[in-house]
Amino acid sequence: MTSDPVGLPGLAVMAAGVFAFGVALIMARLRAGPETPGNDARSRRSMVGIAVQGFAILISGAGPIRVTLDPLSPLALGQAAVCAVLMTTAITLFVWASRTMGRNWSIVARTRPDHQLVETGPFALMRHPIYTALFLLMIAFAIAYGHSVMLLIAVPLYALGTALRVAEEERLLRSIFGDSYGAYAGRVKRFLPTVF
């Protein structure tokens, strides 16, 4: 597989972005607090979706990296700028969503005994902002590492993993919140405000 030429500025942006995203993920887990007894069964479909999404993100950054661009060239600086925008948006969206969810946030689909339907913050704009954030992260990996061709495989895989997770999460939310969730889903798009 051939890769696109990249520059050091884009790689530096990605290193900082991955570190910041990791810190945000750890902080979200700490905010969610300890597991509580209740409807905590881990969904197999959700776990498969996580694995497929993770694999898609992994392959968007896998392969040889050709660092051949002059670091101060317009292309290298442009790649870095695009990656910075994508990573900043992804991290901001993830932090905003996980903070808004508070103790409701978890990696695998589940509910807590005190679970609430969250309709504020980014959830007033889209029902699954964290999956949008992860999608942006995947695109940033492909650009920074010069693996744009891998998006031909990664994007459909990510879509499959996301579809598995969304189906399970929405099934769970509909079973708990019924018509309230139906009304919310009728008002708010899944991934992109007013569009999709």
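Note that the numbering runs from 1 along the sequence shown for the chain. All values below come from the heavy atoms of this structure, side chains included, with hydrogens, waters and symmetry mates left out.
- Taking CD1 of Ile143 as the reference point, atom OG of Ser60 lies at 10.0 Å (rounded to 0.5 Å).
- Taking both residues in full, the closest heavy atoms of Pro71 and Ala76 are given as O-CB, 3.8 Å, listed atom of the first, atom of the second, then distance.
- Taking the side chain as every heavy atom from C-beta outward, Val67 and Ile65 approach each other to under 4.5 Å.
- In this structure, CG in Leu93 is found 9.5 Å from CG in Leu134, a value given to the nearest 0.5 Å.
- Here the closest non-hydrogen pair linking Gly10 and Ala80 is N-CB, 3.6 Å.
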Could you pull out every donor-acceptor pair under 3.5 Å between side chains of residues 117-130 and any protein atom, sequence neighbours left out?
{"residue": "Glu119", "atom": "OE1", "partner": "Arg187", "partner atom": "NH2", "Å": "2.4"}
{"residue": "Arg127", "atom": "NE", "partner": "Glu170", "partner atom": "OE2", "Å": "3.4"}
{"residue": "Arg127", "atom": "NE", "partner": "Tyr181", "partner atom": "OH", "Å": "3.4"}
{"residue": "Arg127", "atom": "NH1", "partner": "Ala185", "partner atom": "O", "Å": "3.1"}
{"residue": "Arg127", "atom": "NH1", "partner": "Val188", "partner atom": "O", "Å": "2.6"}
{"residue": "Arg127", "atom": "NH2", "partner": "Glu170", "partner atom": "OE2", "Å": "2.9"}
{"residue": "His128", "atom": "NE2", "partner": "Glu170", "partner atom": "OE2", "Å": "2.9"}

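- To the nearest 0.5 Å, atoms OH (Tyr145) and CE (Met14) are separated by 5.0 Å.
- Side-chain atoms of Thr68 never come within 3.5 Å of backbone atoms of Pro5 as a donor-acceptor pair (strictly under, hydrogens ignored).
- Under the 4.5 Å side-chain criterion, counting only non-hydrogen atoms from C-beta, Asn104 is in contact with Gln116.
- Side-chain contact between Phe94 and Ile91 is absent, with no heavy-atom pair separated by less than 4.5 Å.
- For Thr88 (side chain) and Val85 (main-chain N/O), no donor-acceptor pair under 3.5 Å exists by modelled atom type.
- Linking ILVMFWY residues whenever their side-chain heavy atoms come closer than 4.5 Å, directly or via other members, places Ile153 and Leu164 in the same cluster.
- Val82 and Val13 are members of different hydrophobic clusters when ILVMFWY side chains are connected at heavy-atom separations under 4.5 Å.
- One distance of note links CG of Leu137 with OG1 of Thr89; it measures 11.5 Å at 0.5 Å rounding.
- At distances below 3.5 Å, not a single donor-acceptor pair connects side-chain atoms of Ser73 with backbone N or O atoms of Leu69.
- Cluster annotation: Leu77 is not connected to Met87 through the hydrophobic network of ILVMFWY side chains, with a link wherever side-chain heavy atoms come within less than 4.5 Å.
- Of the inter-residue distances, the one linking Leu151 atom CG with Tyr158 atom OH reads 12.5 Å to the nearest 0.5 angstrom.
- Annotation: ring-ring contact (aromatic ring centres under 6.0 Å, His included) contacts of Phe19 (sequence neighbours excluded): none.
- One hydrophobic cluster, built from ILVMFWY side chains closer than 4.5 Å, holds both Leu136 and Phe196.
- Inter-residue side-chain proximity for Tyr131 and Arg190 is flagged as unmet; no heavy-atom pair is nearer than 4.5 Å.
- Heavy atoms only, all atoms of each residue included: Met150 and Ala62 are closest at CG-O, 4.5 Å.
- The distance from the CZ atom of Arg171 to the CD atom of Glu169 is 11.0 Å, given to the nearest 0.5 Å.
- Both Ile176 and Trp105 belong to a single network of hydrophobic side chains, linked directly or stepwise wherever heavy atoms of I, L, V, M, F, W or Y lie under 4.5 Å apart.
- Annotation: side chain of Asp4 is not in contact with side chain of His147 (no heavy-atom distance under 4.5 Å).
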Let me have the donor-acceptor pairs involving side chains of residues 48-58, under 3.5 Å, with sequence neighbours excluded, atom names and distances please.
{"residue": "Gln53", "atom": "OE1", "partner": "Arg165", "partner atom": "NH1", "Å": "2.6"}
{"residue": "Gln53", "atom": "NE2", "partner": "Thr162", "partner atom": "OG1", "Å": "2.8"}

